[in-house]
Trainee: 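Quick one: this structure, given as structure tokens, is what I'll be asking you about.
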Amino acid sequence: VLGVTGDSDALHHALARIVGAEHVRPAGASSPWVRDATISRGVHGRADAAVLPGSPAEVAEVVAWCYRHDVPIVPRGGGTGYAGGAVPIDGGVVVALERLRAVRELSPLQWRMHAEAGLTTAHVARLCRENGMLFAPDPGAAEQSQLGGNIATNAGGPHTFKYGVTGAWVTGLEAVIAPGELITIGGPVRKDVSGYDIRALLAGSEGTLGIITAAWLKLLPAPEARLPIAAAFAGHRQGCDVVAAIMGSGLVPAAIEYLDGGALRVAAAPFPAPLPPGAGFMVIAEADGTTAQARALRAELTELLCEEAVAVHAPQDAAGIDALWRWRSGVALAVTARRGGKVSEDIAVPLDRLAEAIEEVVEIAARHGLEGCSWGHAGDGNVHATFAVDRSAAELDAADRAADELFALALRLGGTISGEHGIGMLKRAALQHQFSPPVLGLQAAIRLAFDPKGLFNPGKKVPLPGD
Ligand SMILES: Cc1cc2nc3c(=O)[nH]c(=O)nc-3n(C[C@H](O)[C@H](O)[C@H](O)COP(=O)(O)OP(=O)(O)OC[C@H]3O[C@@H](n4cnc5c(N)ncnc54)[C@H](O)[C@@H]3O)c2cc1C
């Protein structure tokens, strides 16, 4: 899909003049630049080149060149996305942000940070922690995912139950928009209602409105203590009743996570405490705050959890607490390892429909001859519904059909087809069932207002007329 002349040499020379020849990489079907976490379901793409600009000005020059020559532009962060958003469908230039790693300002007294898009999520969180601050969004693959990718997907994670998704932490953005302009929206100012909220539009835009090069983050004091409790239950009904009881009590844990029976079985071996044979569901709730607040909240949460639990694990020391969260982070990998692949979706439903959604994931899988399980962010009604596959064409097809049923279920229960991973290339067909024609029209109009030529991440997120 070379717009210029189809001349790949011309494209490579032009890009090399901007970023340096060593920062232009081949991006054929076997290259790492054309895949993301959806490789576990066999998804990959092809591009004409991947470029690694070294500054926002170089990003702007690359975009200007691509826009002039009608070449598609695919922004790329850490490539951990679960919707194929960073996978180039068929040609164009992948623009990888990993060299943009400057921390432009870190200001503990102002509780803010100004950082470039290519810093990893873990690096941002670590810098904050070392300075007594909290950056709470914690999507799973934090050592690899990037700040820009987190903003572009409006990523969540366990602790966004209390603290909000990534967009809630962003007061300003620097971005490159068509036809190659470096712009700034907002900044260190904490309130700003002048004009439409372009910052909010870019958060979750999945690379379709522009390339985020830097962000201003507003931060919070780091909690002095974090005290998680993992409670095992006989089944999902008991576990979901307890989640409902916690919500109804008005207590505000930092996180309320769950694993259903299937996920728990697959991930059980390395769980850092003994699990009774009857454990068929798990809830992990975390209390945080000052040490006294966290202890008091943990006591109240434990009381609620213990009403139905068959086992409770409440680590006291830092090593035990880290071990529990490390185990939780490994659940996705353990489920992938079960059969070599997985098709995982991230529907979200109203909390009073959570038990129904969890139950039906397993039933949908069985109807398609697959093993199904789920885990996720119970407090947000966010269900990581997963079908284990051996990556054969037959099982991948069955899983795609199961995913379609899953999306229909999410909408029937009053929810959404994506609570946090985004639409990317994989969920676009389902979007037309979630949005009415006027809403789809409005979404397309917003996209075209930013990108009249439709060159930013074509084939992803919101369809354009004629797609
Ligand atoms: C094991 C595991 C667990 C996960 N758990 C969670 C979770 O709990 N919650 C959650 O929300 N997600 C989760 N994810 C999904 C993923 O980690 C997040 O969506 C993450 O924020 C994506 O960041 P990335 O840098 O890897 O983006 P990429 O995968 O590189 O890109 C994602 C999308 O953002 C666009 N993009 C990337 N960078 C930019 C930029 N600078 N400017 C404009 N557009 C850009 C891309 O074009 C693409 O559409 C998980 C993934 C894995 C592998």
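Counting convention: from 1, in listed order, for ligands and their atoms alike.
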Trainee: Check Asp36 with Arg76, please: is the shortest side-chain N to carboxylate O separation under 4.0 Å?
Mentor: no

Trainee: Quick one: nearest non-hydrogen protein atom to atom 34 (O) of ligand 1, plus distance?
Mentor: Ala152 CB, 3.4 Å

Trainee: Run the contact test for Gln144 against ligand 1 with a 4.0 Å cut-off on heavy atoms, strictly below, and give the result.
Mentor: no

Trainee: Relative to the ring of Tyr258, is the ring of Phe281 parallel (under 30°), tilted (30 to 60°) or perpendicular (over 60°)?
Mentor: parallel

Trainee: Under 4.0 Å, heavy-atom basis, I'd like to know which part of Lys460 is in contact with ligand 1: side chain, backbone, both or neither.
Mentor: neither

Trainee: Any idea which part of Ile212 is under 4.0 Å from ligand 1, heavy-atom wise: side chain, backbone, both or neither?
Mentor: both

Trainee: Is any side-chain N of the basic residue among Glu286 and Arg328 closer than 4.0 Å to the acidic one's carboxylate O?
Mentor: no

Trainee: For atom 48 (C) of ligand 1, grab the closest protein heavy atom and report residue, atom and distance to one decimal in Å.
Mentor: Gly85 C, 3.3 Å

Trainee: Quick one: which of Ala96, Gly140, Ala175 has a heavy atom closest to atom 6 (C) of ligand 1?
Mentor: Gly140

Trainee: What part of Ile151 sits under 4.0 Å from ligand 1 if we count only heavy atoms: the side chain, the backbone, both or neither?
Mentor: neither

Trainee: Is the shortest side-chain N to carboxylate O distance from Arg68 to Asp70 below 4.0 Å?
Mentor: no

Trainee: Return the orientation label for the Tyr82 and His421 ring planes: parallel under 30°, perpendicular over 60°, tilted otherwise.
Mentor: tilted

Trainee: How far is atom 12 (N) of ligand 1 from the closest protein heavy atom, and which atom is that?
Mentor: His421 CD2, 3.4 Å

Trainee: Nearest to atom 28 (P) of ligand 1 by heavy atom, Ala37, Gly79, Gly149: which?
Mentor: Gly79

Trainee: Is the closest heavy-atom distance from Gly210 to ligand 1 below 4.0 Å?
Mentor: yes

Trainee: Once you restrict to heavy atoms under 4.0 Å, what part of Asn150 touches ligand 1? Side chain, backbone, both or neither.
Mentor: both

Trainee: Under a 4.0 Å N-O cut-off, is there an ion pair linking Arg199 with Asp192?
Mentor: no

Trainee: Could you verify whether a donor N or O on one side chain and an acceptor N or O on the other, from His236 and Asp260, lie under 3.5 Å apart?
Mentor: no

